[in-house]
Structure formats: structure tokens, C-alpha cells
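Notes follow once the structure below has been shown.
A quick note: this is a predicted structure, and the numbers were derived from the prediction, not measured. Order of the sequence lines sets the chain letters (A, B, ...), proteins ahead of strands, with each chain counted from 1.
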Amino acid sequence: MRWTQTLIPTLKEAPSDAEITSHKLLLRAGLIRKLAGGVYTFLPLGLRALRKIEQIIREEMNRAGAIEVLMPALQPKEIWEQSGRAETASAVLFKVKDGSNREWFLSPTAEEVITTLAANEINSYRQLPKNFYQISVKFRDEIRPRFGLMRAKEFIMKDAYSFDTTDDASMVSYRKMYDAYKRIFDRCGVQNFPVEADTGVIGGNYSHEFMVPAATGENDVVFCEACGYAANIEKATSGIPKTAAREIGAPIEKFATPGVVTIEALTKAPSSVPANRQIKTLIYIADSKPVIILIRGDDQLNEAKLAGVVGTPVFRAATAEEIFAALGAHPGSLGAVGVKNISVFADERLRGANDMTTGANEDGFHFKQVSIERDIVVTKWCDLRTVTAGEPCVKCAKPLKLRRAIEVGHVFKLGTKYSEKFNATYLDVDGSRKPCVMGCYGIGVTRTLQAVIEHCNDADGIVWPLSVAPYQVCITPLAVTADSAAMKLAEKIYAELTAQGVEVILDDRDERPGVKFKDADLVGFPIRVSIGEKSLAKGEVEIKPRGGAVAAVKMDEAVARVLALIKG
RNA sequence: CGGAGCGUAGCUCAGCCUGGCUAGAGCGCGUGGUUUGGGUCCACGAAGUCGCAGGUUCGAAUCCUGUCGCUCCGACCA
């Protein structure tokens, strides 16, 4: 390809709406352009890099035995009602109506479609296992599109769905995907690591997210350098000790705390109750009913864990009015002592705690010397707190660390949640009918592209890994008139490399050397071959790996040298 | 949706507070010259309904109201 033939609109300055490095580089290197918030056009170079990633995914999915399909982006509302997700996923669904007023959803994912297909086409254990995947455009009405391709309203996702006869068989499928993901992200040239992930409402322990470490990531990951434990903050637990029990038999006692409505305020005189001896009482509305959450005063509630406990992702913090209606007091004076008829979910860390202080459900008053087990009716003990850095690892007790990361992939064991709802069953050897055991596996393809850039760049621009670079080689003749020696040699090397299957772009622009070099660095081609009079006079060309040192090479050896660099 | 901020040329921004002549700069773009191994230099030129609508005023990019869009922080997720 010739530079002047394609479109590579590089920018000296980043548009002001780009904040993070990868987003700026996507725009500056001329890979994408924004049409609207969270909606982008892929320009030739961006598309080529994207296709590279897709191809890596395709190869590894095929290698793992998955089969490619393509499902519709337009999905009838009915199947979403059948799965129950028309309501639970409502917030992110793009809804459209056709001319006859029928409702459709633009696909954010395809469990409903694939399970419908399986219900119709899979009848026998002999057809299993099966793993269907597709690479397609997905739509999500993101509350807030962000950071270019990182969180977009429209994006490209690889999604796969496995169908197996048994739980054990499903685990095999899961494992295959897990291994394939590792290979995929390694091949894309990004540092990546799997972490245990939140399974939310579906529950179970079989979910991992693949993370690319990045300060600009949107996920917090807890990890242990000693034993390798790693988990999304939504899922992470630690070996932090429970609240120490004290030898106090004193009965519960109410005391006045006028104007004290925060944990922080209660730690100060005259009350002077340390946060770790306080019970934080939170009221949420789940399925339109209030529930009480108890966690220790110095802990933070983890809403992802709460979703798993209450069994629905549709919940929210209660309003002050709802709280007053439920408990007769306002936030700041709430407690669960003596509460009946409202479910009380208490964090494990409070189990056995006594001599605690909590609100008295009377504005301006608190209780002290509260013993949880004695004074509060706890509906369920559960893990509700958010882990913080430095806590002992749940596996090896060494201090945990916390870091930010970009989630690029997610593998998830679904069980029979969907197969039961869609009647996706098979006939077993013994003639009995059983629901397929499912798994689902996603990769954010466009997000991965950006993660690669976020990870592979320097002050001059992108530093593409060879595997995803839009072109492997950029030939830069410094004089471009058709009869110049540099251009003739450039054409020759271009033809020879192309014949060898190398992807080459020839910078045939009549620009000053500085401009061409800067652009080549910005776009980040892995190998640059420069041909100017200076080296030409010595019968040489220059070969420079992006980010590496220039090597002068005899012009006859240039092609072989480039091939050697590419083949590694 | 809650909080914060921004919309002036293709891009980055100045001008707005304190209203007043043909609305500016740099980059980019076009023409000519110059230069030719890391974003040359010079000259000339094209290019803006000042996001949109309404209001105040003799007069609005500037003040007021509304609206749309965008960005950032939070809740959501590949």
C-alpha cells in the first residue's frame, strides 16, 4: 500500500475530548474518528489492526474447537422476556420499534439467541459438546461512554457459548476457553492475567476475567504476589480477622448523640467510639422491598456482593423517606436492634461481635454495648465488605495488593439458567431429557485494540506488537520522484517483501524526512526501512525497529534482514 | 441519572469577567518560492451561521433563559 493512496490523517495535537494516552493515540495516529459519543468510524489503519486481533481470536477459538456463526444484531423482544433479562438488563438495552410497532433490541450479547438455536437444533448427547462463537458488533446503551473505544455504545465483541451434557463436561469447555484466552492475549502482545470474577446473580465460583494492567483501567484488582491469588475487587475476599469479642456482659444502653450522623462524627468526643466498634446500617430497596445491610463502621459495602446476596441486580440505596418509613429514623441514627419484618444481611466480619455501637432508630440516639447475636435478628450472614490493600491474603496471609486494570475478556460458567428457560435440552444415553450445561465467553475486541495501544506506546507514539500492527513494515524513501534512486530501490524492496507475504506500506509522500519519520513513529510500524542519499551512497539502507536502534544494511541484504526481524 | 466543566476556522486555543468598527493566533489546508536525514523558512490565500433557539440592549461571541452536544467524577459493563 502506498501512503498517498490510503487515508492516514495523523494529528499533531490530540483533540481535546481525548483524555488517556491510548485514546489520544487512536485519534492522532489516524486509526479512528468519532461520529458521536461512544460511536466511532474505523479508518484503514485502525481497521487493519482490528482485523489482526480478530484473526488471532478466530485462530485460537478454532484451535480450541469452537465453531463460528453469525447471529443477528436485531433481536425480538420476546426472547428477552423469556430469559427475564428484558427487565434486569433494561438499562443497557437499545430498544427499537419497527414500522408495525413491534419491539426489537439491538444485541448487547446473545445468550437468548444461541439458546433458542440450541433448543431447536440440539437433541442428543451425541451432538455435544458444542461451542458456538461469533465476532460481531454489539450495542450497549452505556450510561457513560468513556475513553474512546474503551467503553462505547457500539463495539465489537467476540462472544462464545458452550453446550455440554454435564457439569464436569462444562468445566472442560470452560478450561479450554480459559487457556485459549491466555493464548489470545499473549499473542496480542499485551501483559495480561486472569482474576477471579464476580458471578453476580447467577452465582457459582466459575468466572474469570482477563485483565490488562493499566492505571487507566476501570477495574480494581486485588492480587497476592506471594501465592498468585488474584480477584476482581467485586469478588475478592481476604483473611482479615473478625471483630474481636470483648468480655462484657453489660446490657444494651441507649445514649444521646445529638447531631451525630456519620461514623466519623461518632469517633470523636464525647462519644469517642472507634469506627471498628461501630455497626454501619445501610438500607437498600431490592425488588421494591427494603433490606438492611450491616457492616463494620470502618468497612465499605461491596454492591456486587450485595447483588449476589439479594439475588437481583435490580436494587438501589433507599431514599431518606423510604428509610424513615421503614425504621422511623433518618440516616445517621439507623440500626437493626429490635427490627423485625425486614431482612437483615450482616457481614461475616461482625459475627460474634459485641460491645458495638449502632444507631437506635431514633434521631439523635445510639445504642452501645450491642451484642450482635444477642440483640439483632440476622437473617443471613454473608460476605459484603470491600477488600482493601494490605489485608492478609485469603490463601497465604501475605499482604494483598490492589491495582487498576482493563477487563478485556470474561469466561463464565452459566449452568442451566438459560437452557432451562429456553428448553434447550438433549436426550441422554439412558433416554432421559436433560438441560444443556452452558458457559459463555466474551472478549471485547475493540477494547482489546485500545488496551494494546494503552500498553504499547512511548513518547513518540504507538509501538505496535508485530502481531497486531496495521502494517509490519514502513518503507521511507526520502526522495519520491519516480526517477530517484531512493524511490526505485524503495519500489524494489516493497515488491520483494510483498511477494514474501509481508505487509508493507510505502511512504511515497513528498514530505520532508522529519515529517515522515515523526508520522512513522506516531503510527508505530514495527520496522522502518529508510532510504536516503546518505546511505544510498554507501550502497546501504537503514533498518530501524520501532523503539530500537538503527542498523545500516547493504541494500541487497535489506529484504532478508527485514524477513529475519519479522520471523523472529 | 447525580456532581463539575466546556462548545469561537479541520485541530489546539485566545477574545467573554468589564457588550461597541471588517472576530484573532498557532498548527493544518491551497498557490509560489526556499529548504531537503527528525514536524524547514518566507510571501500570498481560502476557510468561522462564535452549538442552537429565544430574551435584554441603539448594539451580543460577550449579559440572561432555555435547549442540544461533548468531556471529566460517580452508579453500569466486553
Side-chain angles (χ1 to χ4, degrees), chain A residues 9-20 23-24 27-28 30 33-39 57 88-93 107-110 135-160 181 197-198 200 209-212 216-219 232 234 303-304 307 313-317 406-412 440-451 460-461 476-481 484 486 509-522 528 530-537 541-542 544 550 552:
Chain A
T10 58
L11 263 22
K12 276 191 188 175
E13 291 177 283
S16 59
D17 53 5
E19 197 73 11
I20 67 175
H23 187 192
K24 286 180 184 164
L27 293 165
R28 288 193 54 213
R33 284 295 183 265
K34 183 173 73 176
L35 177 63
V39 180
I57 293 172
T88 55
S90 181
V92 297
L93 283 170
S107 175
T109 172
I135 297 173
S136 61
V137 176
K138 296 291 189 295
F139 300 88
R140 231 164 255 195
D141 190 5
E142 286 295 342
I143 306 163
R144 180 150 93 88
R146 221 192 296 223
F147 300 151
L149 305 177
M150 208 66 100
R151 175 185 298 273
K153 283 178 183 290
E154 180 183 323
F155 57 100
I156 295 176
M157 182 165 96
K158 186 285 302 178
D159 47 328
Y181 274 34
D198 174 46
E209 288 164 340
F210 282 77
M211 296 289 188
V212 173
T216 51
E218 297 187 75
N219 290 266
N232 191 310
E234 297 178 344
E303 290 202 347
V314 185
F315 64 82
R316 58 177 173 82
I406 300 163
E407 181 192 352
V408 287
H410 195 167
V411 293
F412 202 119
C440 68
Y441 317 94
I443 291 179
V445 182
T446 38
R447 180 183 284 180
T448 299
L449 173 65
Q450 186 160 352
D460 292 318
T476 309
L478 300 183
V480 297
T481 49
S484 76
R509 292 177 299 169
D510 185 13
E511 285 286 355
R512 294 174 57 84
V515 172
K516 301 173 90 159
F517 292 150
K518 286 284 183 190
D519 271 349
D521 286 348
L522 174 59
R528 191 183 78 212
S530 311
I531 307 171
E533 282 182 26
K534 211 156 57 175
S535 45
L536 218 46
V541 301
E542 284 171 10
K544 181 178 179 301
V550 177

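Between A:Asp510 atom CG and B:G33 atom P the separation is 13 Å, expressed in whole Å. Remark: P of B:G39 and NZ of A:Lys518 are 7 Å apart, rounded to the nearest angstrom. Atom CZ of A:Arg512 and atom P of B:C41 are 8 Å apart (whole Å). As a whole-Å value, the separation of A:Asp519 CG from B:C27 C1' is 14 Å. The CG atom of A:Leu27 sits 17 Å away from the P atom of B:G10 (whole-angstrom rounding). Residue A:Lys12 contributes atom NZ, which lies 16 Å from atom C1' of B:C13 at whole-angstrom precision. Taking atom CG of A:Leu35 as the reference point, atom C1' of B:C70 lies 13 Å away to the nearest angstrom. Atom C1' of nucleotide B:G39 and atom CZ of A:Arg28 are separated by 10 Å, given to the nearest angstrom.
B:C6 is paired with B:G69 under the Watson-Crick or G-U wobble criterion, all donor-acceptor distances under 3.5 Å. With a cut-off of 3.5 Å on both pairing distances, the Watson-Crick or G-U wobble partner of B:A43 is B:U31. With a cut-off of 3.5 Å on both Watson-Crick or G-U wobble distances, the partner of B:C11 is given as B:G26. Using the Watson-Crick or G-U wobble rule with both distances under 3.5 Å, B:U36 pairs with nothing in any strand shown. As the counterpart of B:A75, no nucleotide is assigned, since no Watson-Crick or G-U wobble pattern has both distances under 3.5 Å.
For A:Thr446 (side chain) and A:Ile156 (main-chain N/O), a donor-acceptor pair under 3.5 Å exists by modelled atom type. Side chain of A:Lys34 to backbone of A:Gly148: no donor-acceptor contact under 3.5 angstrom is found.
Between A:Arg447 and A:Glu407 there is a side-chain heavy-atom pair separated by less than 4.5 Å. For the pair A:Val408 and A:Val212, the minimum side-chain heavy-atom distance is below 4.5 Å. Side-chain contact between A:Leu478 and A:Lys534 is absent, with no heavy atoms from C-beta onward closer than 4.5 Å. Looking at A:His23 and A:Met150, their side chains never come closer than 4.5 Å, going by heavy atoms from C-beta outward. Between A:Gln450 and A:Ile406, every side-chain heavy-atom pair lies at or beyond the 4.5 Å cut-off.
A distance of 8.0 Å separates NZ of A:Lys158 from CD1 of A:Ile135, quoted to the nearest 0.5 Å.
If you find the closest nucleotide of RNA chain B to A:Glu19 and to A:Asp521, the one lying nearer the 5' end belongs to A:Asp521. Nearest-nucleotide mapping onto RNA chain B: of A:Ser535 and A:Pro15, the residue sitting toward the 5' end is A:Pro15.
Rounded to a whole angstrom, the distance from the P atom of B:G15 to that of B:C63 is 12 Å. Only the P atoms considered, B:U12 is 12 Å distant from B:U71, to the nearest whole Å. Taking atom C1' on both nucleotides, B:G66 is separated from B:U22 by 32 Å, rounded to a whole Å. Nucleotides B:U35 and B:U40 have their C1' atoms positioned 6 Å apart, rounded to a whole Å. On the C1' atoms, B:C68 is 30 Å away from B:A46, given to the nearest whole Å. Between B:A47 and B:U31, the two C1' atoms lie 15 Å apart (nearest whole Å). Remark: the separation of the P atoms in B:A9 and B:U62 is 15 Å, to the nearest Å.
Summarising the local packing, CD of A:Glu533 is surrounded by 12 or fewer heavy atoms from other residues, nucleotides or ligands at distances under 6.0 Å.
A:Arg528 comes within contact range of at least one nucleobase, with a heavy-atom separation under 4.0 Å. A:Leu11 comes within 4.0 angstrom of nothing in the nucleic acid, heavy atoms only. Heavy atoms of A:Ala14 sit under 4.0 angstrom from primed sugar atoms or phosphate atoms, though from no base atom.
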Per-nucleotide protein contact along nucleotides 73-78 of chain B, 5' to 3', at a 4.0 Å heavy-atom cut-off (B base, S sugar-phosphate only, - neither), is BBBBBB
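Taking only side-chain nitrogens and oxygens, A:Lys516 never comes nearer than 4.0 Å to OP1 or OP2 of B:G38. OP1 or OP2 of B:C13 sits under 4.0 Å from a side-chain N or O of A:Ser16. Of the side-chain N and O atoms in A:Lys34, one or more sit less than 4.0 angstrom from OP1 or OP2 of B:U71.
Picking from B:C70, B:G28, B:C72 the nucleotide with the shortest atom distance to the side chain of A:Ala36 gives B:C70.
A donor N or O paired with an acceptor N or O is not found under 3.5 Å between the base of B:G38 and the side-chain atoms of A:Glu511.
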